[in-house]
Protein chains: 2
Amino acid sequence: MRKERILAGALQVFKKNGLDGATMDEIANASGFGKATLYYYFKSKEDVLTAILLDGWLKIWESLEPVIANQQSPRKTFVNVLIKIAENAQNRPGLFEFLFNVPKAIKIENQPWKEYQERLYSVIRGLLEDGVKSGEFPNINPNLMFKALGGLFMGLVFMGDREEPVTDKDVEKLLNQLITDPTISHN
Amino acid sequence: MRKERILAGALQVFKKNGLDGATMDEIANASGFGKATLYYYFKSKEDVLTAILLDGWLKIWESLEPVIANQQSPRKTFVNVLIKIAENAQNRPGLFEFLFNVPKAIKIENQPWKEYQERLYSVIRGLLEDGVKSGEFPNINPNLMFKALGGLFMGLVFMGDREEPVTDKDVEKLLNQLITDPTISHN
DNA sequence: TTATTTATCGAATTATTATTCGAAATTTAG
DNA sequence: CTAAATTTCGAATAATAATTCGATAAATAA
């Protein structure tokens, strides 16, 4: 669809030039439309950005819902959530790094995508808390674990130029490197 | 000095409105000068931003040099480095969060402060590597550890509204929560 | 004190770019 | 095929904000 094409072009340009470096002219070029056509589909430049973000977060969230619904142990669910996010990231390269970094660069008020972002974060926090309670995770402050994992996980998914999908092996390795699962004996 | 005053005002405005939301008018107000005066001291708006960043990174680096020079075990040095950074952050609140986040929002080419940032990061990586070699840190990929610590440390220093300085106890706790020091037995 | 240099400033200028316009092209409906 | 509705567009407009100008004022030097 047209909107999708514009959004894709805009993403390219936003990533290349930054949020303000990006001009509507360049976005028009990148998406293969005339400048005025952008305004046929979107109210403003800001509206374009918001649409990218909303679309992105919404799709992450939707892809996660079944994983979360499918009740398993906190640790299992947690691993599956990370895998699913990594999957998303690999399907639409470039988008996700953007999703996770842009919020730092803009005023986030009444941003419709914020809700989905928050849902995701609170699910993750919840899983960590439950896992600690149930003894699947060691007794670490879940907030700290959340932050540490943030850094690690971004590294795993975004930094490397890996083509292969992230497996549960990868995620388990990540977890084990970071925190020791008390239910498994290492050697 | 005048320049300092302008930089301080500019920092406020940059933080409040974002890099592009910030106008020279507002910076002039915030720093108590006329708009034209800014251009007496700085070539351009970008020049102001660069000056903030250069000044900030330079000061971090200078404060770290003695800590690094004062050769101790990697782990000790590492702890001291983190403490020193936290000290910096608490002395000039607001600046450091800015220093660590802004790079994500701008094109970083020929940025003079980049060098100091890189020095810092490479020192930290080096300490982690040495610590792993010497057995003071467990055998974790130093890059991963670096990323995880990034998230944690930022949390410790920036998130909380703590007034008290960060102590080596805090940092050791951080380390222990994250990774198990094989030379110490826990219970 | 007076001349010169250094600082300061608000108003004008300029540049950039988002947004709108008005016309054309294309598609859809009858 | 023709008329209406939808889509497209480059050129004009408008808004915003960076930068420069042309004075003054303040400090310094003689």
Side-chain angles (χ1 to χ4, degrees), chain A residues 1-56 98 101-113, chain B residues 1-56 98 101-113:
Chain A
M1 230 234 272
R2 320 298 212 199
K3 283 199 171 194
E4 300 281 339
R5 229 170 81 203
I6 293 175
L7 259 31
L11 177 61
Q12 265 182 247
V13 179
F14 278 133
K15 291 203 62 155
K16 185 155 73 74
N17 302 349
L19 297 187
D20 302 271
T23 71
M24 290 303 258
D25 266 300
E26 235 181 312
I27 293 176
N29 280 352
S31 57
F33 285 104
K35 194 175 16 161
T37 305
L38 305 188
Y39 286 90
Y40 184 78
Y41 290 101
F42 296 96
K43 193 155 48 32
S44 66
K45 178 177 163 182
E46 193 187 333
D47 193 34
V48 172
L49 175 61
T50 300
I52 293 177
L53 264 16
L54 178 57
D55 181 63
F98 191 71
N101 279 329
V102 141
K104 288 175 187 156
I106 62 175
K107 295 286 137 225
I108 0 178
E109 273 156 26
N110 311 74
Q111 290 284 332
W113 47 267
Chain B
M1 230 235 273
R2 320 298 213 199
K3 284 199 169 195
E4 300 281 339
R5 229 171 80 205
I6 293 175
L7 258 31
L11 177 61
Q12 264 181 249
V13 179
F14 278 133
K15 292 203 61 156
K16 184 156 74 75
N17 302 349
L19 296 187
D20 301 270
T23 72
M24 291 303 257
D25 266 299
E26 235 182 312
I27 294 176
N29 280 352
S31 57
F33 286 104
K35 195 174 16 161
T37 305
L38 305 188
Y39 287 90
Y40 184 77
Y41 290 101
F42 297 96
K43 192 156 49 35
S44 65
K45 178 177 163 182
E46 194 186 334
D47 194 35
V48 173
L49 175 61
T50 301
I52 293 177
L53 264 16
L54 179 57
D55 182 63
F98 191 71
N101 278 328
V102 141
K104 289 175 186 156
I106 62 176
K107 294 289 134 221
I108 0 179
E109 272 156 26
N110 311 75
Q111 290 283 330
W113 48 268

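Just so it is clear: chains get the letters A, B, ... in the order the sequence lines come, proteins before strands, and each one is counted from 1.
Contact annotation for A/Tyr41: backbone-only contact, meaning every heavy-atom pair under 4.0 Å involves sugar-phosphate atoms and none involves a base.
Between C/dA18, D/dC9, D/dT19, one nucleotide has an atom nearer to the side chain of A/Thr23 than all others, and that is C/dA18. Minimum atom distance to the side chain of B/Ala36 is reached by C/dC9, of the listed C/dC9, C/dA18, D/dT7.
The CG-P distance, from A/Leu38 to D/dC9, rounds to 9 Å in whole Å. Summarising the geometry, the separation between CG on A/Asp25 and P on D/dA12 is reported as 14 Å, rounded to the nearest angstrom. Residue B/Arg5 contributes atom CZ, which lies 13 Å from atom P of C/dA7 at whole-angstrom precision. Between the P atom of D/dT19 and the NZ atom of B/Lys43 lies a distance of 9 Å, rounded to the nearest Å. Rounded to whole angstrom, the span from the NZ atom of B/Lys35 across to the C1' atom of C/dT13 amounts to 11 Å. Computed from coordinates, the A/Met24 CE to C/dT19 P distance equals 6 Å when rounded to whole Å. For B/Arg2 and C/dC9, the CZ to P distance is 9 Å, given to the nearest whole Å. Summarising the geometry, the separation between CG on B/Asp47 and P on D/dA18 is reported as 14 Å, rounded to the nearest angstrom.
At a cut-off of 3.5 angstrom, counting only N and O atoms as typed in the model, there is no donor on one side facing an acceptor on the other between the side-chain of A/Lys45 and the base of C/dT19.
A donor-acceptor contact shorter than 3.5 Å links the side chain of B/Lys45 to the backbone of B/Leu19.
Applying side-chain contact (heavy atoms from CB on, under 4.5 Å) to A/Ile52 and the options A/Asp47, A/Val102, A/Leu11 leaves one that passes, A/Leu11.
For the pair B/Lys15 and B/Phe98, the cation-pi criterion (under 6.0 Å, within 45° of the ring axis) is not fulfilled.
Side-chain contact check for A/Leu7 versus A/Val48: some heavy-atom pair is nearer than 4.5 Å. For the pair A/Lys16/A/Glu26, a side-chain contact is recorded, criterion being any heavy-atom separation below 4.5 Å from C-beta on.
Residue B/Tyr40 places no side-chain N or O under 4.0 Å from the OP1 or OP2 atom of C/dT8. The side chain of A/Thr37 places an N or O atom within less than 4.0 Å of a non-bridging phosphate oxygen (OP1 or OP2) of D/dC9. OP1 or OP2 of D/dT8 has not a single side-chain nitrogen or oxygen of A/Tyr39 nearer than 4.0 Å.
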